[in-house]
Amino acid sequence: MTTVSRRAATPADIAARFREETNLLIVSHENPDGDALGCVVALKLMADRLGIPAQTFIPGEDEFPPEYRFLPGLTQVQRGEVPEVASDTTVYLLDSASLVRSNAHQFGRDAFLVNIDHHQDNPGYGHLNLVDAAAPSTTVLLYRVFQTGGFPVDVDVATALYVGLVTDTGRFQYSNTTPEAHQ
């Protein structure tokens with residue numbers, strides 16, 4: 001990684017950075033659940049809507065669970081070998097408490113890492129870190145970024161965000177189901 005310092009970030013910080021991006025790689029963890037897939041799909045869809053070139057990657061070879069195949073854009077998510085990362089690429093690591101689970105440690109020393117996650121054991125490994133263990137899901141954090149940035153949340157983006165929220169709250173039954181989750 002570069003010598004860029006690591007720091008906590010707000011949704012406004014992430015939204016400002018996202019608005020200026022020119023090349024993205026959007027990544028989540030191996031054996032993805034609904035939150036991981038929802039995050040990756042939602043951020044890719046938003047990048048597409050804003051005209052930001054982006055590719056997606058989730059480690060592993062297996063097909064995604066069948067219950068998520070309806071997600072718009074899921075077929076664009078790359079699997080297998082870790083993609084090459086150009087020096088101008090920002091890697092957005094979503095719902096991944098560690099670099100190893102996402103294979104991000106293989107992206108090269110020059111990759112700028114934006115870490116967005118809700119796991120309490122996330123050490124803040126990114127150059128920018130939006131980590132909030134009180135958030136019901138990582139998709140909620142992404143929604144905060146989109147709202148703060150004034151980015152258009154259409155039906156497809158909302159669907160992807162909702163999948164992450166529903167799965168990580170156990171269909172609104174777990175203790176992490178906050179009033180914000182219902183809103």
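Side chains are part of it too, since the values below use all heavy atoms of this structure and drop only hydrogens, waters and symmetry mates.
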How many angstroms lie between atom [atom1] of [X] and atom [atom2] of [Y], to the nearest 0.5 angstrom?
{"X": "T90", "Y": "L25", "atom1": "OG1", "atom2": "CG", "answer": "10.0 Å"}
{"X": "L93", "Y": "T138", "atom1": "CG", "atom2": "OG1", "answer": "11.5 Å"}
{"X": "F146", "Y": "L50", "atom1": "CZ", "atom2": "CG", "answer": "8.5 Å"}
{"X": "L128", "Y": "F112", "atom1": "CG", "atom2": "CZ", "answer": "4.0 Å"}
{"X": "N122", "Y": "D132", "atom1": "CG", "atom2": "CG", "answer": "11.0 Å"}
{"X": "T148", "Y": "F18", "atom1": "OG1", "atom2": "CZ", "answer": "13.5 Å"}

| query | Hey, does the side chain of S137 reach the backbone of D35 with a donor-acceptor pair shorter than 3.5 angstrom? | reply |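 No.
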
| said: Closer than 3.5 angstrom, by distance alone: can the side chain of H127 be matched with the main-chain N or O of L113 as a donor-acceptor pair? | reply: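 Yes: the side chain of H127 pairs with the backbone of L113.
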
| message | Walk me through whether L94 and L43 qualify under side-chain contact (heavy atoms from CB on, under 4.5 Å). | response | CA-CA 9 Å; L94 308 175; L43 194 59; 3.9 Å; yes

Going by heavy atoms in the side chains, are [X] and [Y] under 4.5 Å from each other?
{"X": "L130", "Y": "P11", "result": "yes"}
{"X": "I116", "Y": "C39", "result": "no"}
{"X": "P53", "Y": "T22", "result": "no"}

For [X] and [Y], which heavy atoms make the closest approach, and how far apart are they?
{"X": "A15", "Y": "G149", "value": "CB-CA, 3.7 Å"}
{"X": "H29", "Y": "S96", "value": "CB-OG, 3.8 Å"}
{"X": "H118", "Y": "L141", "value": "N-CD1, 4.1 Å"}
{"X": "K44", "Y": "T56", "value": "CB-CG2, 3.7 Å"}
{"X": "V41", "Y": "A160", "value": "CG1-CB, 3.8 Å"}
{"X": "A42", "Y": "L161", "value": "CB-CD2, 3.7 Å"}

| Under the side-chain contact (heavy atoms from CB on, under 4.5 Å) criterion, do V85 and V91 qualify, and how do the steps go? | CA-CA 8 Å; V85 177; V91 179; 4.2 Å; yes

| note | Paired with L37, the side chain to side chain contact (heavy atoms under 4.5 Å, CB included) test is passed by just one of V163, T167, I58, T139, namely I58

| Chi angles and distances behind the side-chain hydrogen bond (donor to acceptor under 3.5 Å, both in side chains) call for H119, D117 | CA-CA 6 Å; H119 293 100; D117 188 30; 2.6 Å; yes

Going by side-chain hydrogen bond (donor to acceptor under 3.5 Å, both in side chains), name the residues that satisfy it together with [X], two or more places apart in sequence or in a different chain.
{"X": "T10", "answer": "D13"}
{"X": "Q55", "answer": "Q78"}
{"X": "N129", "answer": "N115"}

| said: For the residue pair R17 and Y92, would you count it as a cation-pi contact if the rule is NZ or CZ under 6.0 angstrom from the ring centre and within 45 degrees of the ring axis? | reply: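 Because its charged atom misses either the 6.0 Å distance or the 45° angle limit, R17 does not stack over Y92.
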
| message | Tell me every residue that passes salt bridge (Lys or Arg N to Asp or Glu O under 4.0 Å) with R49, counting only those two or more places apart in sequence or in another chain. | response | D154, D156

Hydrophobic cluster identity match, [X] and [Y], side-chain contacts under 4.5 Å:
{"X": "V114", "Y": "V145", "answer": "yes"}
{"X": "M46", "Y": "V155", "answer": "no"}
{"X": "I26", "Y": "V131", "answer": "no"}

| query | Any salt bridge (charged side-chain N to carboxylate O under 4.0 Å, His left out) pairs touching residues 66-88, not counting sequence neighbours? | reply | E63-R69

| message | Under the rule for side chain to side chain contact (heavy atoms under 4.5 Å, CB included), what residues qualify as partners of A133, not counting sequence neighbours? | response |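 Checked A133 against side chain to side chain contact (heavy atoms under 4.5 Å, CB included); matches are Q120.
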
| F64/L71 under side-chain contact (heavy atoms from CB on, under 4.5 Å): CA gap, chis, key distance, verdict | CA-CA 11 Å; F64 296 123; L71 282 169; over 6 Å; no

| field | Step-by-step side-chain contact (heavy atoms from CB on, under 4.5 Å) determination, L74 to V40 | value | CA-CA 9 Å; L74 186 63; V40 169; over 6 Å; no

| field | Residues T89 and N23: side-chain donor-acceptor under 3.5 angstrom | value |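 Per modelled atom types, T89 and N23 side chains form a pair under 3.5 Å.
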
